[in-house]
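Each remark here refers to the structure printed beneath this line.
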Amino acid sequence: MNRATALQVGTLARRSIVRTLRQPAMVVPALFFPLLLLAVNAGGLQRATDLPGFPADHYLDFVLAVCFVQGGLFAANSAGTNVANDIETGFLNRLSLTPLRKTALLMGQLAGVLALGLIQAVTFLVVGAIAGEGIHAGVAGALVIVALALLISLGFGSIGAFVALRTGSGEAVQGIFPLMFAALFLSSMALPRNLIETDWFREVATWNPVSYMLEGIRSLVITGWDGEALALGFACAGGVALIALVAAAAALRTQMVRT
Amino acid sequence: MSSSPAIETADLVREFKKGPRAVDGVDIQVAPGEVFGFLGPNGAGKSTTVHMLTTLLPPTSGSARVAGHDVVEEGTRVRAAIGAALQEAALDPFLTGREHMKLQTALHGLPREQRARRGDELLGRVGLTDAADRKVGGYSGGMKRRLDLALALVHGPRILFLDEPTTGLDVQSRSALWAEVQRLASDDGVTVFLTTQYLEEADQLADRIAIIDRGKIVAQGTPDDLKDEIGRPSVEVIPAEPADLARMKSVLARFGESVASPPKAAAVRLSGGDAQLADVVRALDAEGIRVQHLQLHAPTLDDVFLAKTGRHLEGAGDGAAVEDAEPDPVAA
């Protein structure tokens with residue numbers, strides 16, 4: 001990246017972060033709802049820990065990982081809504097008339113997503129450490145959780161940006177939100193895959209990359225360092241991020257059609 | 001300053017998917033330093049033309065050069081030479097005016113030490129110094145337009161595109177913006193390409209005007225030349241007794257063709273010019289028609305539009321066949 005591009009990325013990243021943090025309606029639900037779901041699940045499903053083979057003594061420790069993925073889903077909403085706003089208001093045209101590189105635009109926009117993701121990850125870790133039994137993999141494990149959470153946010157944020165760039169519509173971005181939640185619910189969110197008795201559900205959860213993102217984080221919380229779980233978690237999150245970024249970049253080329 | 005045109009198009013065409021030609025063979029030339037008015041109703045093709053000239057939309061056919069550069073082949077050079085304030089003031093409601101200036105100066109690559117100075121200078125020029133640290137979401141329409149203009153000027157463009165810059169503004173804001181446009185052209189030598197649907201705006205600001213309707217240029221010249229083409233004034237009369245309106249119309253019909261008028265009035269374009277006014281008064285008197293109000297109208301740009309298209313400019317966009325659509329990137 002040359003100096004001019006770095007300046008562009010930095011400038012747009014600053015804007016993206018500032019505008020994200022100035023929208024309480026975007027930040028508060030992204031923090032509050034995952035914690036609410038955590039409280040409801042931890043309180044209501046504690047008996048699940050009695051199942052033979054359940055990997056944790058406290059359901060909160062098991063379900064804490066869901067917060068990070070759910071936070072990522074809010075990242076999709078945040079990134080998509082911001083990009084769609086820029087298209088709808090003509091701000092993208094304003095940017096198109098500057099010497100801005102398209103890659104810088106995408107990277108800058110996603111910086112706001114990462115900022116929000118960082119705030120979420122730290123908040124969820126602190127809550128998990130206080131309310132649960134702590135992070136089994138220690139401080140280094142917590143840092144890896146933050147890294148994985150940011151990658152998840154980047155992936156889902158890129159999906160939101162892709163939908164916004166492809167459709168130019170904030171409504172379309174809102175429309176994918178339930179679909180992404182469905183992806184979360186059809187994963188190993190509530191139970192380990194080996195304890196899911198319904199065959200089709202277990203099959204879907206096994207093919208669902210969200211399961212591996214959850215299990216990567218969960219391994220650090222519950223069992224400590226598990227190379228395979230971490231590798232699968234990072235591979236799935238990275239794969240989603242890579243595919244979504246490539247798709248978003250292609251959609252940007254179509255949307256930002258300057259000659 | 002170069003003597004070659006600042007803007008030059010030849011048979012410029014833009015078609016959208018499943019639609020007619022939004023711009024249909026436009027030929028224009030704008031001289032350096034000129035304020036060029038692009039006048040037409042909603043849906044006439046003004047914004048589509050601006051999007052092509054500012055490199056935001058590739059033409060379907062034809063050619064256009066801006067600042068001596070081809071808009072298709074040399075988009076980067078065109079963008080370096082132009083500034084644009086497009087139809088909607090495209091601003092981020094969560095950023096302040098000063099943050100917008102910082103963003104724009106940085107993206108245009110101004111050296112760090114110049115950014116704040118340039119931003120403050122432009123904010124001052126458009127009268128937004130006091131509001132510079134307020135979020136744009138709280139700005140009035142006029143303030144947003146002025147900030148939009150300041151942002152378009154950040155890199156000192158030689159050519160400025162203003163797409164309906166005063167639509168929706170109050171009279172005071174409109175006057176302030178007109179003054180700034182005039183100053184830019186006269187003091188800084190900036191070429192201004194101004195689209196508008198307001199006759200007065202085109203008349204007041206533009207050195208030359210092109211009138212566009214349904215994608216085609218229907219007239220081009222200085223405002224005075226265009227009005228001189230029409231030449232003849234019109235007379236509008238309101239009878240003292242509404243019952244005399246029909247009779248009055250038949251009297252007036254002797255002096256020229258009927259033109260649009262308010263419901264309680266009748267108007268004709270005087271075929272013999274303003275010298276006929278006394279004859280009109282005498283004829284009405286001879287018929288015993290008492291007059292409440294009589295007014296002689298010099299030709300306006302609306303008369304020019306009427307003469308060229310058979311319609312008045314105001315309201316001509318309603319139901320127009322051609323949509324002045326936002327650029328459709330997949331329809332190139």
Side-chain angles (χ1 to χ4, degrees), chain A residues 2-27 78 81-102 104-105 108-109 111-112 165-169 250-259, chain B residues 50-59 64 69-80 82-96 99-100 102-112 115 135-137 148 151-152 154-155 157 161 163 326-332:
Chain A
N2 63 29
R3 206 171 150 196
T5 308
L7 173 64
Q8 292 173 355
V9 172
T11 301
L12 288 173
R14 197 175 308 119
R15 176 213 169 209
S16 178
I17 292 166
V18 165
R19 78 189 310 272
T20 299
L21 297 181
R22 284 181 186 169
Q23 297 179 75
M26 205 157 267
V27 178
S78 165
T81 303
N82 283 339
V83 172
N85 276 345
D86 279 355
I87 295 167
E88 287 169 344
T89 61
F91 201 85
L92 188 68
N93 278 340
R94 170 181 302 293
L95 298 177
S96 299
L97 289 170
T98 69
L100 177 67
R101 293 175 69 94
K102 289 172 185 168
L105 175 66
Q109 290 281 12
L165 288 165
R166 195 75 190 88
T167 64
S169 155
L252 179 62
R253 273 196 294 278
T254 310
Q255 187 66 246
M256 203 170 165
V257 73
R258 65 185 179 185
T259 57
Chain B
V50 167
H51 276 89
M52 287 191 283
L53 295 178
T54 54
T55 76
L56 292 174
L57 186 66
H69 305 295
D70 186 280
V71 295
V72 176
E73 302 296 329
E74 300 169 285
T76 305
R77 289 184 174 189
V78 171
R79 285 190 291 277
I82 65 169
L86 300 178
Q87 202 164 25
E88 298 295 329
L91 303 168
D92 186 331
F94 300 103
L95 299 188
T96 67
E99 285 167 342
H100 274 88
K102 279 183 187 168
L103 180 88
Q104 194 82 355
T105 50
L107 292 181
H108 274 291
L110 266 67
R112 179 187 288 271
R115 287 180 215 153
K135 277 190 247 175
V136 164
D148 204 18
L151 290 167
V154 152
H155 55 301
F161 289 89
D163 194 3
E326 281 300 303
D328 177 356
V330 294

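A, B, ... follow the sequence lines: proteins, then strands. Residue 1 opens every chain. Only this structure's heavy atoms are used, side chains among them; waters, hydrogens and symmetry mates stay out.
B/His69 pairs by the ring pair (Phe, Tyr, Trp, His ring centres under 6.0 Å) definition with nothing, not counting sequence neighbours. With sequence neighbours excluded, the residues that form a salt bridge (charged side-chain N to carboxylate O under 4.0 Å, His left out) with B/Asp92 are A/Arg15, A/Arg19.
Residue B/Gln104 touches chain A through its side chain alone, counting heavy-atom pairs closer than 4.5 Å. Contacts of B/Leu103 with chain A are made by both backbone and side-chain atoms, with heavy-atom separations under 4.5 Å.
Annotation: salt bridge (charged side-chain N to carboxylate O under 4.0 Å, His left out) contacts involving residues 91-102 of chain A, sequence neighbours excluded, comprise A/Arg94-B/Asp148.
At a threshold of 4.5 Å between non-hydrogen side-chain atoms, the residues B/Lys135 and A/Arg22 count as touching. Using a 4.5 Å heavy-atom threshold, the side chains of A/Thr98 and B/Arg79 count as separate.
When B/Leu151, B/Leu86, B/Thr54, B/Val78 are compared by the number of non-hydrogen pairs under 4.5 Å with chain A, B/Leu151 comes out ahead.
Atom CZ in B/Arg112 sits 8.0 Å away from atom CG in A/Leu7 (nearest 0.5 Å).
Shortest non-hydrogen contact noted between B/Ala106 and A/Thr11 is CB-OG1, 3.5 Å.
Residues of residues 84-92 of chain A lying under 4.5 angstrom from chain B, judged on non-hydrogen atoms, are A/Thr89, A/Gly90, A/Phe91 in numerical order.
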